[in-house]
Amino acid sequence: MIEIPKTYSPAAVEDRWYAAWLRHGFFKSSPNPAKEPYTIVMPPPNVTGVLHMGHMLNNTIQDVLIRRARMQGKEALWVPGTDHASIATEAKVVAMLKDQGLDKREIGREAFLEHAFAWKEKYGGIILEQLKKLGASCDWDRTRFTMEPKLTAAVIQVFVDLHRKGHIYRGIRMVNWDPVGRTAIADDEVIAKEMPMRMFYLKYELVEDEVRSDEVRSATFEVEREANAPRTSHLAPRTYIVVATSRPETIMADVAVCFNPADERYQHLRGRKVRIPLFNKEIPIIFDDYVSADFGTGALKVTPAHDINDYELGLRHNLPVIDVIHEDGTLTEAAGPYAGQDRFAVRKQIGKDLDAAGLLVKVDDYVTAVSTSERTGAVIEPKLSLQWFLKMEPFKEKALAAVMSDEVQLVPPKFKNMYRTWMEGVRDWCISRQLWWGQRIPAYYLPDGQLVVAETDAEALAEARRLTGDLNLPMTALRQDDDVLDTWFSSWLWPISVFDGFEDPDNADINYYYPTNDLVTAPEILFFWVARMIIAGQEWRQQVPFKNVYLTGIVRDAQGRKMSKSLGNSPDPLDLIATFGADAVRTGMLFSSPAGNDLPYDQKLIEQGRNFNNKLWNAFRLLKGWEVSADAPQPEAAALAGQWFTARLNQATGQIDEHFAAYRISDALLTVYKLIWDDFCSNYLELIKPTYGEAVDAATLAQASGHLETLLRLLHPFTPFLTEEIWHLLHERGEREYCCVAAWPTSGPVNNALLTQMAAAFEVVQAIRNQRAAKGLSPNLALPLVARDGTALAGLEAVVRKLANVSAITVGEAPAGAVPVVAGGAELALVLPVGSFDVEAERARLLKDLAYAQGFLASVDKKLGNEKFVANAKPEILATEQKKRADALAQIAALEAQLRAL
RNA sequence: GGGAUGUUAGCUCAGCUGGUUUAGAGCGCUUGCUUCACACGCAAGAGGUCACUGGUUCGAAUCCAGUACGUCCCACCA
């Protein structure tokens, strides 16, 4: 026979099988009315992204689900693709251009997009190639890209449709401005980060337009005392309001100072004015409930252009808006001497200037949550700008109901509450982005300021001509909106657009595959992706896009930190695959990752996966290494083992199916893991193993191969490569006979009686081995066993003899020098070689067992002695308790008898 | 500040509608073994008053309330 290496080497195997699967087109799918569809659309990774541990977890789960469905005979389709990720990609391209000495704004939109597409062609989709290394069984012929022409057309079509329905509007709103990306970003893309900040206490001089100085003085003194300000004598004639702010660089944009209407300290200031420090501009004092009297000094500087609350305050009090910050974070002309400088530089400088002018009372250091951009990390600037919005009100109720009624089931369900909170408080969606990489908003402005929204230039022109009545209006008279749409405005269409459901709403694909079955994604995008896909599904297909949403956890390092590029704490998945094999990485990721739970990553898990693969490999080696005897009879132990393992297999298959039904993927894996390691290798193979040097009988080998094959099928979704390899090495296969398309095992009737009997026999075996270990006796030394009565082992003598290496089993009284073994309901004695029996040690062991048994009996008796228990407990519970009592009594009697015999 | 969720062995987690559980698994640990598939292994073993305090119940890791600590989500406090 051919020499099989004793260590499994995945590297040589994985690429070969992946290529074979592709060659046979096993992952391809097309509508097949005879089969039930099972569909997953991949959450599209960023087109310029590289594989990280989060992708590994996510895509492994998807692959496990899709491979199992395929084996179950469903028409399984996993649609891959990438997302154009406007901000992230545009940032990368801008950085690349910068390296080449080019500036985005200088080269212009068209040239920029050429560079961007060139970049995408070169680096885009690397991540999909990496997923192939993981074994992802996607239908690659269906790979889509959110910015490809067809999907772009869908986006434009949807925009126009929503605009026609009156759900899209354009308005000035306070948005989260990213000064680095120079674009507005959505609330969801803002990350609050704890940062050290400084609170400046500034003096706003009261304008003395009337003589009420006594009152004013008393009020301001109080304020100054609160602020621990030194009394500055040369300023004595003047009085000040002390205002706390973390943003002194915006004081020139202040339009008022505001107090709480109930704040007694400031009542007399109604109708008065103050001067902005350094700038000496007079602004009014106003009162509004928004301000808390007990925060800071109770005085708020109102800066409508740079704070959302101040903006609303400004609207209520009819105040002007002064914008002092440019799109890139530098200050405008309105900032006077500070114009052109960066906001943070000005903050520093103005602090110094205020101090020098005696206008700074004090500065406090504190830590607070600051909004930053998820994509660029820049500190967000609340900024007023003209943006496009999608109304959420028309959609929220239905989208909420879909999840609350479990029409879309979230796994785990704890996320339902989060979803509800968000959906109930959802705000209009700002869908415009001041970028170039993305779908350009199909809105056109006419010279007279009128607006036309249309799918194409030609349609826009026609409409414009109709509006203006000018039939010769040239296209050049129309100016298209410069902004592009938010990336999520294309991803929310993904489950429909990958099947061309917008271009051709009644095509065979969309009718067959939609709605999809499972979506596997991270909880952090539950709102801005999952929720919106539900809305889109309901709006354009009148049907939710998926039945189940499996929310994964976050992969963390040993210190519990999120794995990230910047921390450098993430291993390179491809290195891991090269070192341990994709199967090992897949199982490692799944060992400890129930839905919604974070995965504390530890390389040990991957190693465990590799060890497991090697274990199975060696089980196969063992079978393959045996000589076969055609006419040898099947030994009793092997026959019993065969029946028993069939029962275990049926039992475990049922459990695995249950785990899958409840999306307990880790549990499903662990069940196969133990079935293979403990039941198949440790018990079954040991039981059927022929005596050294002898051949195995043909029946047993055939049975064992059959069992192994079933195990391969159960394990295939988790470790596709290894199982495929063994599948083909086990015996010759037909042209298209592959493990990856073999039938998923179905569970048959379980012989529970046999399972119970065998479990008892294994207990006996363990007790005997325990004795050997305790006495330091080699497992190779065959020992005789004496049973108290002939029924003790209930026909399982062969099992005990084989596994415990027992030479003979006789019935009768235990001879002197035999060590008692009471286990699995049997009363036995193991005959040891002379001199190895220590009576005192044995007595101690028996006494310990006796004490446990008596304790157990006491707890059962306590229950049974309780009249209320006997009166109230269900009959079957009572029966169990009585059986427990009888068993305990028998056990105690046996132990006592053995103690007397010592 | 609001909401969700968790606290079970050294670590990571099961324990699904209270009763075969004086609590299980994997890893780790201890001891012995290079035994003929596998040392990426085999065998045996140690290890937990189920966060705390009350309550409901014949019976609580499991249900309820409170406390402590943790995690996550949401939120405009200058």
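Reminder, nothing fancy here: chain letters follow the sequence lines and each chain counts from 1.
Rounded to whole Å, atom P of B:rC42 lies 11 Å from atom NZ of A:K689. A:W626 has its CH2 atom 13 Å from the C1' atom of B:rC38, to the nearest Å. The separation between A:F580 atom CZ and B:rC40 atom P is 12 Å, rounded to whole Å. Computed from coordinates, the A:N613 CG to B:rG41 P distance equals 11 Å when rounded to whole Å. Protein atom CE of A:M174 is 15 Å distant from nucleotide atom P of B:rA78, rounded to whole Å. Atom-to-atom, CG of A:N780 to P of B:rA43 comes out at 14 Å; the value is rounded to the nearest Å. A:Y663 places its OH atom 21 Å from the P atom of B:rC16, with the value rounded to the nearest Å. For the pair A:I676 CD1 and B:rC38 C1', the interatomic distance rounds to 14 Å; values are reported in whole Å.
With a 4.5 Å cut-off on side-chain heavy atoms, A:R610 and A:Y8 do not count as touching. In this structure, the side chains of A:V324 and A:H306 come closer than 4.5 Å at one or more pairs of heavy atoms. Two residues are said to be in side-chain contact when any heavy atoms from C-beta on lie closer than 4.5 Å; A:Y290 and A:E312 fail this criterion. Within the 4.5 Å cutoff, side-chain heavy atoms of A:L712 are placed close to those of A:L616. With a 4.5 Å cut-off on side-chain heavy atoms, A:N752 and A:L755 count as touching.
Relative to the side chain of A:R427, the nucleotides B:rA75, B:rA78, B:rU35 differ in distance, and B:rA75 lies closest. Comparing B:rC77, B:rC58, B:rA44 by their closest approach to the side chain of A:N770 singles out B:rA44. Closest approach to the A:N611 side chain among B:rG41, B:rA78, B:rC74 is made by B:rG41 (side chain taken as heavy atoms from C-beta onward).
If you check every strand for non-hydrogen atoms under 4.0 Å, A:Q882 touches nothing. In this structure, A:V291 reaches the bases: a heavy-atom distance under 4.0 Å links it to at least one base atom across the strands shown. Note on A:N872: a base of the nucleic acid sits closer than 4.0 angstrom, heavy atoms only. At the heavy-atom level, A:R610 lies under 4.0 Å from base atoms of the strands shown. Looking at heavy-atom distances under 4.0 Å, A:S666 makes no contact with the nucleic acid at all. In this structure, A:Q766 reaches the sugar-phosphate backbone alone: every heavy-atom distance under 4.0 Å involves primed, P, OP1 or OP2 atoms, never a base. Across all strands, A:C258 comes closer than 4.0 Å to no nucleic acid atom at all (heavy-atom distances).
Remark: A:F259 pairs with A:Y266, A:F287 by the ring pair (Phe, Tyr, Trp, His ring centres under 6.0 Å) rule, at least two apart or across chains. Under the rule for a salt bridge (Lys or Arg N to Asp or Glu O under 4.0 Å), A:D602 has no partner lying at least two apart in sequence or in another chain. In this view, A:Q757 and A:L754, A:A794, A:L796 satisfy the side chain to side chain contact (heavy atoms under 4.5 Å, CB included) rule, not counting sequence neighbours.
Rounded to whole Å, the P atom of B:rC33 lies 48 Å from the corresponding atom of B:rC72. Taking atom C1' on both B:rA14 and B:rU57, the two are 26 Å apart, rounded to the nearest angstrom. Separating the C1' atom of B:rA9 from that of B:rG26 is a span of 12 Å, rounded to the nearest Å. Of the P atoms belonging to B:rA51 and B:rA61, the separation is 10 Å, rounded to the nearest Å. B:rC63 and B:rA25 are spaced 26 Å apart, taking the C1' atom of each and rounding to whole Å. Nucleotides B:rC50 and B:rU8, compared at atom P, are 11 Å apart to the nearest Å. Comparing B:rA46 with B:rG59, their C1' atoms are spaced 31 Å from each other, to the whole Å. A gap of 14 Å separates the C1' atoms of B:rG48 and B:rG15, to the nearest Å.
Side-chain contact check for A:Q651 and A:R648: at least one donor-acceptor pair (N or O, by modelled atom type) lies under 3.5 Å. Between the side chains of A:Q608 and A:Y673, a donor-acceptor pair is found at a separation under 3.5 Å. There is a side-chain donor-acceptor pair under 3.5 Å between A:N618 and A:R621.
Nearest-nucleotide mapping onto RNA chain B: of A:K414 and A:K6, the residue sitting toward the 5' end is A:K414.
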Once base and sugar-phosphate atoms are separated, protein heavy atoms under 4.0 Å mark nucleotides 7-13 of chain B, 5' to 3', with B, S and - as -----SS

In B/S/- notation (B base, S sugar-phosphate only, - none; protein heavy atoms under 4.0 Å), nucleotides 20-30 of chain B written 5' to 3' is B-B--SSSS--

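The base of B:rC74 has none of its N or O atoms less than 3.5 Å from a complementary donor or acceptor on the side chain of A:T421. Side-chain atoms of A:E686 and base atoms of B:rA37 include a donor and an acceptor less than 3.5 Å apart.
Phosphate proximity of B:rC76 to A:S371: absent, as no side-chain N or O sits under 4.0 Å from OP1 or OP2.
A:S666 contributes a side-chain N or O that, together with a main-chain N or O of A:L590, makes up a donor-acceptor pair within less than 3.5 Å. A donor-acceptor pair under 3.5 Å links the side-chain atoms of A:N805 to the main chain of A:P779, judged by distance alone.
Residue A:M423 comes nearest to A:A531 through the heavy atom pair CE-CB, 3.9 Å, listed as atom of the first residue, atom of the second, then distance.
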Under the rule of Watson-Crick or G-U wobble with both distances under 3.5 Å, where | means paired to another strand and [ ] a crossing pair, RNA chain B maps to (((((((..((((.....[....)))).(((((.......))))).....(((((..]....))))))))))))....

